[in-house]
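See below for the structure under consideration.
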Protein chains: 2
Amino acid sequence: MNDEMSRRRGRPPGKPETNPAERILDAAAESFATHGSRGASMRTIADAAGMRAPSIYNHFASKDELLIAVGKRYFAALVPELQAASRMPGSGVERLEHLIRVATAVSTAHPFDHLTMVRELMQVRREPGAESLVADGQRCIAIWHLVIRRGQADGSLRRDITPAGMTWLIFTAITGLTDPGRRADILGDPSTRNVDTLCAVLIDGARPVRGG
Amino acid sequence: MNDEMSRRRGRPPGKPETNPAERILDAAAESFATHGSRGASMRTIADAAGMRAPSIYNHFASKDELLIAVGKRYFAALVPELQAASRMPGSGVERLEHLIRVATAVSTAHPFDHLTMVRELMQVRREPGAESLVADGQRCIAIWHLVIRRGQADGSLRRDITPAGMTWLIFTAITGLTDPGRRADILGDPSTRNVDTLCAVLIDGARPVRGG
DNA sequence: GTCTATAGGTAGATAGAC
DNA sequence: GTCTATCTACCTATAGAC
């Protein structure tokens, strides 16, 4: 019984995942995304990570720092991919397609990190240690804006929408894609093919209007 | 001092809003949407509604019931509008445009109700009293699916996306539109014109692909 | 670096005066 | 129908043994 209690929620057998900090981050991200940062307790996070709550404080100084660490991990995965995609050759609409592809890939690969960042990170924006998160967020937005502006300049993207508006629409669609609770309900089959088609709708909607 | 404390956060002077239950619902929706259902406390909700926490229990039996009441108010505003829009004459894509228009109007008119429903209502799905919420949600989804299927049948909507996928994409875009925290950051100017253009992107993306 | 025990604070909800 | 006072439970975080 003690054996079963001490290492609960085992990760898939083939994956040892011996790093405690990473285990804690995984558990925290899922808990934050599912129950909100206030609904997630250090006890349940620790439980999912296979330890007791006080042990978390050997790796992270506070709950807020845990929240910030999840955000940092997310941007560490996203920013380099976005930068690379924005530098690929092709027309504006093609580069935007690359951006959507990599952003969707990163966010569906780490859905809980994405949702934690979107829904819970506003609360710790002004906390010490969160400055880099704000900077990374602005860096990402700047990349999207630049690519869209260039697409509008070369005529491959419609000009009646602001880069900010289009960025927001794409970002919010990706956020919906990562929502594990609603995915199954509404999407039914979360197959990659379906996701690609949804991205195609966004891209086709972003092209210049016919005859215009 | 007691005078200032007892009736805090006054609504606009011209609006008496004497109904306590409605005041509580307004305060609860904003608090739920902003801080999450766990981050929102009965004390702060009561404070925003101009009363003390125990007084809320004269109108709602528990915090969960308050959450459910917000969801009910949202669907009471949305469902009739969706039904009316789905019955308007025209092609499938035109009816879908009507749906998007009324759904956007309702959700931006009651953004906190919408966000509360989206983010926090999953937790009380199986609570007694929440059955009608689940039913209303399924009713809305059915309307969207029907309109989209008809549009695909009459050739005014692309056929390579499932009704569920398109519904989800639109719904998630509307959710993003209601987010008061991010609206200003990303959209910049929350003017109606901008919102209409974003809806146009969705509609244009949903039309049959060119040459196909 | 993990644990048990616990401090200190705040949450939801109730009792009962008015 | 609103209030003050309060109960009980849970939360974050710390202390200190091992």
Side-chain angles (χ1 to χ4, degrees), chain A residues 1-10 16-28 31-32 34-70 116 120 123-124 127-129, chain B residues 1-10 16-29 31-32 34-70 116 120 123-124 127-130:
Chain A
M1 179 174 177
N2 195 0
D3 217 43
E4 194 183 23
M5 293 291 286
S6 64
R7 289 284 180 270
R8 213 159 294 190
R9 291 240 205 165
E17 181 116 31
T18 44
N19 185 345
E22 208 68 23
R23 280 209 319 272
I24 294 168
L25 279 183
D26 288 342
S31 209
F32 288 149
T34 309
H35 304 104
S37 62
R38 298 291 287 269
S41 78
M42 296 300 270
R43 279 174 175 78
T44 56
I45 293 171
D47 197 53
M51 62 183 65
R52 301 293 178 184
S55 301
I56 293 179
Y57 293 89
N58 288 317
H59 304 274
F60 301 94
S62 69
K63 199 184 185 185
D64 278 350
E65 196 167 286
L66 198 46
L67 199 53
I68 292 171
V70 172
T116 299
E120 311 297 331
Q123 304 177 17
V124 292
E127 215 79 4
Chain B
M1 180 176 177
N2 196 1
D3 217 44
E4 194 183 22
M5 293 291 286
S6 61
R7 289 284 180 268
R8 213 159 295 191
R9 291 237 206 166
E17 181 117 31
T18 43
N19 184 346
E22 207 69 21
R23 280 210 319 271
I24 294 168
L25 279 183
D26 288 342
S31 208
F32 288 149
T34 310
H35 304 104
S37 61
R38 299 291 288 267
S41 79
M42 297 298 273
R43 282 171 174 78
T44 56
I45 292 170
D47 197 52
M51 61 184 64
R52 302 291 179 186
S55 301
I56 293 180
Y57 293 89
N58 289 317
H59 304 273
F60 302 95
S62 69
K63 199 183 184 186
D64 279 350
E65 196 167 287
L66 199 45
L67 200 52
I68 291 170
V70 172
T116 299
E120 311 296 332
Q123 303 176 18
V124 291
E127 216 77 7

Euclidean distance, atom [atom1] of residue [X] to atom [atom2] of [N] [Å, nearest integer]:
X       : N      : atom1 : atom2 : value
B/Leu66 : C/dA11 : CG    : P     : 16 Å
B/Ile24 : C/dG12 : CD1   : C1'   : 15 Å
A/Ile56 : C/dC3  : CD1   : P     : 10 Å
B/Met51 : D/dG1  : CE    : P     : 10 Å
B/Ile45 : C/dT10 : CD1   : P     : 18 Å
B/Phe60 : D/dG1  : CZ    : C1'   : 14 Å
A/Asp47 : C/dC3  : CG    : C1'   : 15 Å

Taking the side chain as C-beta and beyond, is there a heavy-atom pair between [X] and [Y] under 4.5 Å?
X       : Y       : value
B/Lys63 : B/Tyr57 : no
A/Ile24 : A/Met51 : yes
B/Phe60 : B/Leu25 : yes
B/Arg52 : B/Arg43 : no

Provide a list of protein-nucleic acid N or O atom pairs under 3.5 angstrom, restricted to nucleotides 9-13 of chain D.
{"residue": "D/dT12", "atom": "OP1", "partner": "A/Ala40", "partner atom": "O", "Å": "3.3"}
{"residue": "D/dT12", "atom": "OP1", "partner": "A/Lys63", "partner atom": "NZ", "Å": "2.5"}
{"residue": "D/dT12", "atom": "OP2", "partner": "A/Met42", "partner atom": "N", "Å": "2.8"}
{"residue": "D/dA13", "atom": "OP2", "partner": "A/Tyr57", "partner atom": "OH", "Å": "2.9"}
{"residue": "D/dA13", "atom": "OP2", "partner": "A/Lys63", "partner atom": "N", "Å": "2.9"}

Exercise for the section: Report yes if at least one side-chain N or O of B/Ser55 is closer than 4.0 Å to OP1 or OP2 of D/dG1; otherwise report no. Expected result: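 No.
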Practice task
Assess the side chains of B/Ser31 and B/Thr34: does a donor N or O sit below 3.5 Å from an acceptor N or O?
Solution key: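 No, B/Thr34 and B/Ser31 have no side-chain donor paired with an acceptor closer than 3.5 Å.
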Exercise for the section: Please answer whether the main-chain N or O of B/Arg38 pairs with a side-chain N or O of A/Arg38 as donor and acceptor at a distance below 3.5 Å. Expected result: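 Side chain of A/Arg38 to backbone of B/Arg38: no pair is present.
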